[in-house]
K.L.:
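Mind looking over this structure? Questions follow.
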Amino acid sequence: MTGERLTRRFYRRGPVTVAKALLGQILVRRLDDGQELTGRIVETEAYLGTQDKASHSYGGRRTQRNESMYLDGGHAYVYFVYGMHWCFNVVTQREGVPSAVLIRALEPLAGLDAMRHHRGRQRLVELCSGPGKLGEALRIDRTVDGVDLTSSGELFVRRARSVASRTVLGPRIGVDYAGGWADKHLRFWIADNPNASRRKKRLHPDWGGAQQKAGNVASNWRDA
DNA sequence: TTGCCGATTACCT
DNA sequence: GGTAATCGGCAAC
């Protein structure tokens, strides 16, 4: 019933590996009243750490806000953006190595009515199809920043029976300020899933709107 | 359907 | 004082 939970060993790998492996897994949020809200992870982004200009830990930056990125793999890194949204990340690699995976979209599975209430919207596809949306739908905020996903009862990732799906990759979203790092194909999603976040065309010679098969990721980026 | 823009605030320079 | 790993509404086409 509860299912197997992803372990420390899973999260301690590199962010690209973890970002791809998280696709298809089940994010579980248990509220104070015991209700379980769950969703299948359908879109992720890898943030490589100190060398990655798009990462909050670029150049070794360490502040009160991003402190959780320095925790051991398997902890939650939750931050506040644009004055109104909470974004949920899974910390990867070892303590002191500030890399993470942003969970960008879910396919809602359980607790749909609660999610609708939290979001103030009815349509399934509008509940968790974006990092800010899923944060609101699952009531993820500063209270779960730094939580250990390998032991917490209120937030963790359940291993799915099967994660067989065609996956694709492309540039990360909203990181245009990161120069060349904005164009690296470090976003991964399950092909044709209606719950993936919707973003329009991106003009860049390496991108051009085409999708690459995730199997080609090794030729672009891989964990050191 | 595409694209622009305001909302709103914690945190950093 | 400026900006941000976003979202949703609205105008124009």
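Bear in mind that the values here come from a model prediction, so they are computed numbers and not experimental data.
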K.L.:
If you check every side-chain atom of A:M84, which of B:dC12, B:dA10, B:dA7 has the closest atom?
P.N.:
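In terms of side-chain proximity for A:M84, the closest of B:dC12, B:dA10, B:dA7 is B:dA7.
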
K.L.:
Does A:R104 make a side-chain N or O approach to OP1 or OP2 of C:dT6 shorter than 4.0 Å?
P.N.:
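Looking at the OP1 and OP2 atoms of C:dT6, one of them is under 4.0 Å from a side-chain N or O of A:R104.
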
K.L.:
Taking C-beta and beyond as the side chain, do A:R104 and A:L134 meet within less than 4.5 Å on heavy atoms?
P.N.:
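No, side chains not in contact.
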
K.L.:
For A:F80 and B:dC11, give me the distance from atom CZ to atom P, rounded to whole Å.
P.N.:
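Answer to the nearest Å: 9 Å.
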
K.L.:
Starting at OH of A:Y79 and ending at P of B:dC12, how long is that distance when rounded to a whole Å?
P.N.:
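Atom OH in A:Y79 sits about 14 Å away from atom P in B:dC12.
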
K.L.:
Paired with B:dT1: which nucleotide, if any, by Watson-Crick or G-U wobble criteria at under 3.5 Å for both distances?
P.N.:
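Base partner found: C:dA12.
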
K.L.:
Find which nucleotide of DNA chain B each of A:Q64 and A:V81 is nearest to by heavy atoms, and output the residue with the more 5' nucleotide.
P.N.:
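That would be A:V81.
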
K.L.:
Hey, does the side chain of A:Y77 come within less than 4.0 Å of C:dA5's phosphate (OP1/OP2), counting only N and O?
P.N.:
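So the side-chain polar atoms of A:Y77 never come under 4.0 Å of the phosphate oxygens OP1 or OP2 of C:dA5.
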
K.L.:
Whole Å only: how far is the CD atom of A:E126 from the P atom of C:dT6?
P.N.:
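Spelled out: CD on A:E126 to P on C:dT6 is 18 Å.
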
K.L.:
With a 4.0 Å limit, can you tell me whether A:R119 has a side-chain N or O closer than that to the phosphate oxygens OP1/OP2 of C:dG8?
P.N.:
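True: A:R119 side-chain N/O within range (under 4.0 Å) of C:dG8 OP1/OP2.
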
K.L.:
How long is the line joining CG of A:D141 and C1' of B:dT9, in whole Å?
P.N.:
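Spelled out: CG on A:D141 to C1' on B:dT9 is 15 Å.
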
K.L.:
If you compare every side-chain N and O of A:T63 against the phosphate oxygens of B:dC12 (OP1, OP2), does one of them come in below 4.0 Å?
P.N.:
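Answer yes for this pair, as a side-chain N or O of A:T63 is under 4.0 Å from OP1 or OP2.
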
K.L.:
In this structure, how many angstroms lie between the P atom of B:dA10 and the NE2 atom of A:H85, rounded?
P.N.:
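Interatomic distance, NE2 of A:H85 to P of B:dA10: 14 Å.
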
K.L.:
Starting at CH2 of A:W86 and ending at C1' of B:dT9, how long is that distance when rounded to a whole Å?
P.N.:
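The distance from CH2 of A:W86 to C1' of B:dT9 comes to 10 Å, rounded to the nearest Å.
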
K.L.:
Less than 5.5 Å between centroids and less than 30° between ring planes, does A:Y47 satisfy that with C:dA5?
P.N.:
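The ring of A:Y47 is stacked on C:dA5.
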
K.L.:
For C:dG9, does OP1 or OP2 lie under 4.0 Å from any side-chain N or O of A:R121?
P.N.:
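Yes, within the criterion.
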
K.L.:
Taking A:R172 first and then A:E45, would you say they form a salt bridge - that is, a charged N and a carboxylate O separated by under 4.0 Å?
P.N.:
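No, this pair does not count.
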
K.L.:
Kindly assign one of parallel, tilted or perpendicular to the pair A:F80 and A:W86, based on the angle between their ring planes and the thresholds 30° and 60°.
P.N.:
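A:F80 and A:W86: tilted rings.
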
K.L.:
Side-chain N or O of A:Y82 versus OP1/OP2 of C:dA4: is the shortest distance under 4.0 Å?
P.N.:
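No, A:Y82 has no side-chain N/O under 4.0 Å of OP1/OP2 on C:dA4.
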
K.L.:
Tell me whether the OP1 or OP2 atom of C:dA5 has a side-chain N or O from A:H56 closer than 4.0 Å.
P.N.:
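Answer is yes, contact under 4.0 Å.
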
K.L.:
Between A:L48 and A:W181, is there a side-chain heavy-atom distance shorter than 4.5 Å?
P.N.:
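Yes. Closest side-chain heavy atoms under 4.5 Å.
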
K.L.:
Give, for atom CG of A:L155 and atom CG of A:L37, the distance between the pair rounded to the nearest 0.5 Å.
P.N.:
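One gets 10.5 Å once the value is rounded to the nearest 0.5 Å.
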
K.L.:
With sugar-phosphate meaning primed atoms plus P, OP1 and OP2, does A:G132 contact a base, only sugar-phosphate, or nothing at under 4.0 Å between heavy atoms?
P.N.:
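A:G132: backbone/sugar contact only, no base atoms under 4.0 Å.
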
K.L.:
Quick one: are A:Q25 and A:R158 in side-chain contact, heavy atoms under 4.5 Å?
P.N.:
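A:Q25 vs A:R158: side chains apart.
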
K.L.:
What is the distance from CG of A:N89 to P of C:dT6, rounded to the nearest Å?
P.N.:
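Interatomic distance, CG of A:N89 to P of C:dT6: 11 Å.
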
K.L.:
Round to the nearest Å and state the distance from A:R62 atom CZ to B:dC11 atom C1'.
P.N.:
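Going from CZ in A:R62 over to C1' in B:dC11 covers 17 Å.
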
K.L.:
Could you check which nucleotide pairs with C:dG2 in any of the strands shown, counting Watson-Crick or G-U wobble with both distances under 3.5 Å?
P.N.:
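Check on C:dG2: paired to B:dC11, both distances under 3.5 Å.
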
